[in-house]
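The block underneath contains the structure these notes are about, expressed in structure tokens.
In each ligand, atom 1 is the first atom listed, and ligand 1 is the first ligand listed. What you see is a predicted model; the values in this text were computed from it and never measured.
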Amino acid sequence: MNNIKITDTSLRDGHQSLWATRMTTSDMLPILDKLDEVGYHSLEVWGGATFDVCIRYLNEDPWERLRAIRSAVKKTPLQMLLRGQSLVGYTHYPDDIVEKFVERSAFNGIDIFRVFDALNDVRNLESSLRVIKAVGKHAQASVVYTISPVHTMQHFVDTALRLRDMGADSICIKDMAGLLSPYSSYELVRALKENLDVPIQLHTHYIGGLAIATLLKAAEAGVDIIDTASVPMAFGSSQPPVETIVRALQESERDTGLELRQLFEIANHFEQLRKHKGFERGVTRISDMRVFEHQVPGGMISNLMSQMEEQKASERIDEVLAEIPHVREEMGYPPLVTPTSQIISIQAVLNVLMGERYKLCPGEVKDYVRGLYGKPPVPVMDEIRKKIIGDEPVVSVRPADLIDPMWEKARQESAHYARSEEDILTYALFPQVALKFFAWRETLGSEDIPQIETHDEINEELKGPQPDTRATKRPVNRVRPTESFRGDEEMNLDEIRELILLLDQTSVSELEVQKNDYRLTLRKNRNAGGGAPEAGSEVAPAHVRKKMVSEDNNMIEVTSPMVGTFYAAPSPDAPPYVQVGDRVEAGQTLCIVEAMKLMNEIKAETDGVIADILVDNAQPVEYGQVMILIDKK
Ligand code: CO
């Protein structure tokens, strides 16, 4: 067998897994020539969360970063992670955007595209694979690895064969949760090598500590390429360290041929950076090592903990952990990776908190059941599907076939700021964050040091539910990049944001104060226009009013099932679902409570007349807070 090849993930997955993706382009530039000299198979430097984090938190143009890296790295192929039809975002985009994005990425310097779909639904990779081939670049298609009764060796081999038939130049085993054990790794690599004639690459995460052994067994089984990171960005939820792997393989026939001296020079650069910026090392926690028992990946656990804390129900985390495997089974055993990790975990949380399973299902869960994310490994259980979407049909076409082209619209909408096709793409993917970034960019060169105003974010939030809710209410200047976050790239960008807000209690309360200030201003302004009541003459707070009405037996209190934000209408421009005096029927939608980034429709449980709406649009609500009163008469 020949030398094993290595992809270095330090500039993408490495810092994404351990440093919340906060490495800047200027942190990278000084070491690029050395990285280029090592003799790596490729450098993974772009895609995943790096794109989003660049514009959202670092005030950097991701396309500029790619061009800067490309001009410094002259010999080594550059690689990116592409989330299939979701590109570097979180929802499916139409084919015209996929085509443009791939084409511009290739133009700006990407040689190898690693593409994956959370459900291993190969239809979601059709467009991207086709375009990657058309622009003459290397298309690496991923088989997402997970454990379930339906994820057999045969399933993985079949998926890989289909991907090869679709034109994949190589296959990646993508083990985002560190679930691939050494002997399964040997078996899987052998099975793929026996059935396919294209190179096989293994991407795993250290998490519970098995990954070094997993890579060595894969090497024995003949894997062609493996992923590692420079040691300051290895271990924990990241990849295994290149230095250890190189050393371990030195006396074998799979020797990497890489120079340890060079690798430690590079490690030294990143270690200085790590200390300087206060970034953390990768560590393995006991709960990470128990991932095989509960099958809930590490990143998802910390996310759940923070969600449960937010819901003031931390003590029920064990119930949620026990619920997850049930929900996952009922939903057709999706691999737990963005966005399915979030879909499964929020439903498990709601099932526990509501005291009745599937009583409340967020829009994303319904869309999943409708087939809008693709086909689950096995169909959603009939009984559960009926509970969630009733008799609604499940789509059988490729989900992106249902999405209208978007390029022209994005071009027009961003015309004021966009300076290039790349800008239009940035806008198409993350409209609100992009506009803020472009506006900031316009200020460059002026006397003032540019500052992103938190008020802008609150402003956006108060407009109500928006198509991309992730783009709102996350204060740009309040991140704490030094926190160590768990889990894989594809699962934890949002988790990271959530966690940042939770950990940074000062910021949260500050945000609340600012929100309230803003609301007062809003009311005053409205009042000036002759509308809503004046700030000073506000009615009693909701919890006080709750007491005032609870005597009345005819009144049904509609309470918030969770901590979140109340929205009276489906979108900022739409009329409210209900108004005082409206007659409603059981099952009718009354409002939305946004929690954990998902929109939850709250429905009437009985017929009646809306007697009062106690919460203003876009106002935070507590668990159990009365939002609406319905008179049963
Ligand atoms: Co990864």
If you consider just the N/O/S atoms, which atom of [X] is the closest one to the Co ion (ligand 1)?
| X | answer |
| --- | --- |
| H205 | NE2 |
| H203 | NE2 |
| D13 | OD2 |

Open item on the list: Counting the benzene-type ring for Trp, do W63 and F437 have ring centres under 6.0 Å apart?
Closed with: no
- [ ] State whether a side-chain donor-acceptor pair under 3.5 Å links D95 with S127.
- [x] yes
Open item on the list: For S148 and H151, which I'm curious about, is there any donor-acceptor pair between the side chains at under 3.5 Å?
Closed with: yes
Open item on the list: A side-chain contact here means heavy atoms from C-beta on lying under 4.5 Å apart; do I200 and K193 qualify?
Closed with: yes
